[in-house]
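Beneath this line is the structure, given in structure tokens, with notes to follow.
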Amino acid sequence: MLKTLIRPILRPILLVLCKLLFRVEVKSANPDFGVPKLLIVANHESFLDGLLLGLFLPVDPIFVVNTRIAQVPFFSFILAMVDHITVEPTNPMATRQIIQLVESGRPVVIFPEGRITLTGALMKVYEGSAFVAGKTGATIIPVRLDGPQRSYFSRMSGSAPRGWFPKMRLTILPATKIEMPVLPTAKQRRHQMAEAMRRIMQEMLFETRMPTTIFDAVLEAVRIFGRQRPMVEDVKQVIYSYGDMLKMMLMLGRIGSRLEAPGARIGLLLPNLAPTLAMIIGLSAFRRVPALLNYTAGTEGMQSACTAAGVRTIVTSRAFLEQAKLEDKVAALQGLRIVYLEDLREQLTLIDKLWWIGYARWFPHAASRCFASPEDAAVVLFTSGSEGRPKGVVLSHRAILANIAQVRAIIDISTEDKFLSALPIFHSFGLTAGAILPLLTGSSLFLYPTPLHYRVIPELAYDRGCSVLFGTGTFLAHYGKFAHPYDFYRLRYVVAGAEKLSQQVRDLWFEKFGIRIFEGYGATETAPVLAVNTPMAFKSGTVGQLLPGIRHKVVPVPGIDHGGILHVSGPNVMSGYYRYEHPGELEAPQSSVGAGWYDTGDVVEVDAEGFVHVLGRVKRFAKIAGEMVSLEVVENLALTVSPDKMHAIVTQPDPQRGEALVLFTTDAKLTREQLRTAAQAQGLPELLLPRRIELLERLPLLGTGKADYVTLKKMAAS
């Protein structure tokens, strides 16, 4: 009775206070809240969530609250402002009670996680909420809460930033439904519906991202985490705070912008260092497009890349060229202006310094003057050239930030994490996941200039207490071989990409370190991540499920019985290509599926649970005696016989059978007879056996760690 009297008085007061103190902003897709059976689902960030939803939703719902949360003294006062029931998530009777509520016609609000987040990201989604939605056929309206986790009413701890009155945002998304699946057992049905609810929550987190530029996203991170927060360390053992990085971005962007007009591409030939990352973001803030050159590609590769992207100026460093022994290769470049960072520093004038002290430091957004758009090109990366001349891949601010939002929707990256990034920044994996992602999430970052120091990197992971490591299968194999069993004691995410991860590497890491490697999949053209295994959705032998916001189609290939070529579209897809044949002309993405779609060239199979099985590149299939043969299957066959060595298969023309296989290996003892025995044991046809076996001391590799098949094919032909 007392609640009934007090609530009408307090609710208007609380509404005004929330608007004033938390500056609550409500965005709505205007779904129909008048449907007979309505289930409102929201992420759970703090003890304020119920109050915010009760005050700002256009309906008066009843809340389903975890019994333990309801017992918190402060929260009991908030619950007095809304109608609610308390349930124990693990109690089967609770689900029946919620079903009755939904079928009664009263709108019901439920938090599928069942608890307030401790990570700042989506936690485990309980089956009960999904079963309620499927059983009742209720309309689901997702609501994203953003901001409460940064208040003192959250349960975040450690170095997570918190304040009394952070800005808060409610985003109401379009309505959806979960259909009751037709499966043999109740357990299977509940599991599939829970997966559907988890995907709805992930899509909700992704779709509510704010369209912005990378520089503005950095400014938002600075606002949230503070300028004094230590952020980036590199091999020079200097730790840069957010304030230091912001200063470098603006100063390097200002002097770098004098080299070319807005919109022009400026080549960067620099190592993994904090100033390199600052210059990439700084140039893009001033609407100059950094084109990141692969210094392992040689003179011809760099020259072709510059021609394709219309690069006229390259910024590099004398010290870097000397240490990397690149002076001769850069000197051989034709028709390009080479500018050295050492000279640019000397061009800083008193006016530049006063500009920073009196203006840019206080008004960093306005200081860039050009106000880049999310659709503007943020960076140009180059394909490896493994199938010919490198192509320039234009990634917009929208594409890179969308990919980061997709990853954050499925993986909990926190302020307690420290990234060890040795993958080169000129590689999309190293740039997006290894550098920009931690910069925007408040995680610490250690930049190391090369992934090839197999003994040093494990020691760095141990010394710096790193918790996140990205690498290719090749690099991870070497780290696992040389690392001490305790070097990776703090690692919680080891993500492999860029090439197929072998079972031998999986087993090595699990047996030696007790670490499960999460294999992912992507392409430079998709900024780069398309799919990845996670703790909540993992299937060994696959590359995980496709990220939220990605549409896909699998187009069959004649001669290949299972799967087909994967075509994708989504906000993380590139703006287009720069090709050597048409310098500086942007070619928008298009595939046989339609405009805006990207043809990955990979043959995949997507199973009933949405996990992606990569069968190989379509160009990595050979037609032998009329049969399509996967070259990756042959390489895996060689690995089963000789797991500690490296192997690569290429083809050469054969007048009798169409094509013949040539195996390059570093194992001097590997024989064709051993391969035949292994093939028979696995039930594989003799068609898979290579015609020739060539011994190499080491395989030629690209900068990303992949085998250089172009070079190998030339060697096979000669």
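Below, each value reflects all heavy atoms present in this structure, side chains not excepted, and no hydrogens, waters or symmetry copies.
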Note: [X]-[Y] ion pair, threshold 4.0 Å (strictly below):
{"X": "Asp352", "Y": "Arg258", "result": "yes"}
{"X": "Glu25", "Y": "Lys27", "result": "yes"}
{"X": "Lys236", "Y": "Asp234", "result": "no"}
{"X": "Arg398", "Y": "Asp376", "result": "no"}

What's the spacing between [X] [atom1] and [Y] [atom2] if we round to 0.5 Å?
{"X": "Lys325", "Y": "Phe320", "atom1": "NZ", "atom2": "CZ", "answer": "12.0 Å"}
{"X": "Thr474", "Y": "Lys500", "atom1": "OG1", "atom2": "NZ", "answer": "13.0 Å"}
{"X": "Gln303", "Y": "Leu293", "atom1": "CD", "atom2": "CG", "answer": "10.5 Å"}
{"X": "His427", "Y": "Thr472", "atom1": "NE2", "atom2": "OG1", "answer": "8.5 Å"}
{"X": "Ser428", "Y": "Met574", "atom1": "OG", "atom2": "CE", "answer": "12.0 Å"}
{"X": "Ser317", "Y": "Arg345", "atom1": "OG", "atom2": "CZ", "answer": "7.0 Å"}

For [X] against [Y], the heavy-atom pair lying closest together:
{"X": "Arg209", "Y": "Pro571", "answer": "NH2-CB, 3.6 Å"}
{"X": "Gly601", "Y": "Ile565", "answer": "N-CG2, 3.9 Å"}
{"X": "Pro174", "Y": "Pro142", "answer": "O-CD, 3.4 Å"}
{"X": "His567", "Y": "Ser591", "answer": "ND1-OG, 2.9 Å"}
{"X": "Tyr580", "Y": "Ser304", "answer": "CD1-O, 3.7 Å"}
{"X": "Val311", "Y": "Leu336", "answer": "O-CD2, 3.0 Å"}

With no hydrogens and no angle check, is any side-chain donor or acceptor of [X] less than 3.5 Å from a backbone partner on [Y]?
{"X": "Gln406", "Y": "Leu547", "answer": "no"}
{"X": "Thr432", "Y": "Ala527", "answer": "yes"}
{"X": "Ser396", "Y": "Ala377", "answer": "no"}
{"X": "Thr526", "Y": "Gly522", "answer": "no"}
{"X": "Gln202", "Y": "Ile410", "answer": "no"}
{"X": "Glu203", "Y": "Gly549", "answer": "yes"}
{"X": "Thr600", "Y": "Leu566", "answer": "yes"}
{"X": "Ser569", "Y": "Trp597", "answer": "no"}
{"X": "His397", "Y": "Glu375", "answer": "no"}

Any [X] side-chain heavy atom under 4.5 Å of [Y] side chain:
{"X": "Leu283", "Y": "Leu268", "answer": "yes"}
{"X": "Thr213", "Y": "Ser284", "answer": "no"}
{"X": "Thr542", "Y": "Asn533", "answer": "yes"}
{"X": "Arg169", "Y": "Thr171", "answer": "yes"}
{"X": "Val543", "Y": "Leu530", "answer": "no"}
{"X": "Tyr578", "Y": "Lys391", "answer": "no"}
{"X": "Asp343", "Y": "Arg318", "answer": "yes"}
{"X": "Val339", "Y": "Leu344", "answer": "yes"}

For the residue pair [X] and [Y], confirm or rule out a side-chain donor-acceptor distance under 3.5 Å.
{"X": "Tyr493", "Y": "Asp412", "answer": "yes"}
{"X": "Ser443", "Y": "Thr441", "answer": "yes"}
{"X": "Glu260", "Y": "Thr313", "answer": "yes"}
{"X": "Arg288", "Y": "Ser257", "answer": "no"}

Just wondering, more than 12 heavy atoms not from [X] lying within 6.0 Å of its [atom1]?
{"X": "Arg312", "atom1": "CZ", "answer": "no"}
{"X": "Arg199", "atom1": "CZ", "answer": "yes"}
{"X": "Glu342", "atom1": "CD", "answer": "yes"}

Looking at Phe426 versus Phe382, is the centre-to-centre ring distance below 6.0 Å? no

Apply the test side-chain contact (heavy atoms from CB on, under 4.5 Å) to residues Tyr295 and Thr316: give CA-CA distance (whole Å), side-chain angles for both, the deciding distance (0.1 Å), then the verdict. CA-CA 11 Å; Tyr295 42 78; Thr316 186; over 6 Å; no

Report the relative orientation of the aromatic rings in Trp355 and Phe286; use parallel for angles under 30°, tilted for 30 to 60°, perpendicular for over 60°. tilted

Anything under 30° is parallel, anything over 60° is perpendicular, the rest tilted; go ahead and classify Tyr448 against Phe446. parallel

Before you tell me yes or no, could you show the steps for Leu341 and Met279 under side-chain contact (heavy atoms from CB on, under 4.5 Å), namely the whole-Å CA-CA distance, both residues' side-chain angles and the distance that decides it to 0.1 Å? CA-CA 10 Å; Leu341 270 181; Met279 190 160 200; 4.0 Å; yes

After noting the C-alpha distance and the side-chain angles of Ile436 and Ile214, does the key distance pass the side-chain contact (heavy atoms from CB on, under 4.5 Å) rule? CA-CA 8 Å; Ile436 299 179; Ile214 295 174; 4.1 Å; yes

From Ile425, Leu277, Leu423, residue fulfilling side-chain contact (heavy atoms from CB on, under 4.5 Å) relative to Asn272: Ile425

Determine whether Ile255 and Gln347 satisfy the following criterion, side-chain contact (heavy atoms from CB on, under 4.5 Å), listing intermediate values before the conclusion. CA-CA 8 Å; Ile255 60 177; Gln347 295 175 17; 5.7 Å; no

Take Glu587 and Tyr577 through the side chain to side chain donor-acceptor pair (under 3.5 Å) test and state the conclusion after the steps. CA-CA 5 Å; Glu587 177 188 307; Tyr577 281 129; over 6 Å; no

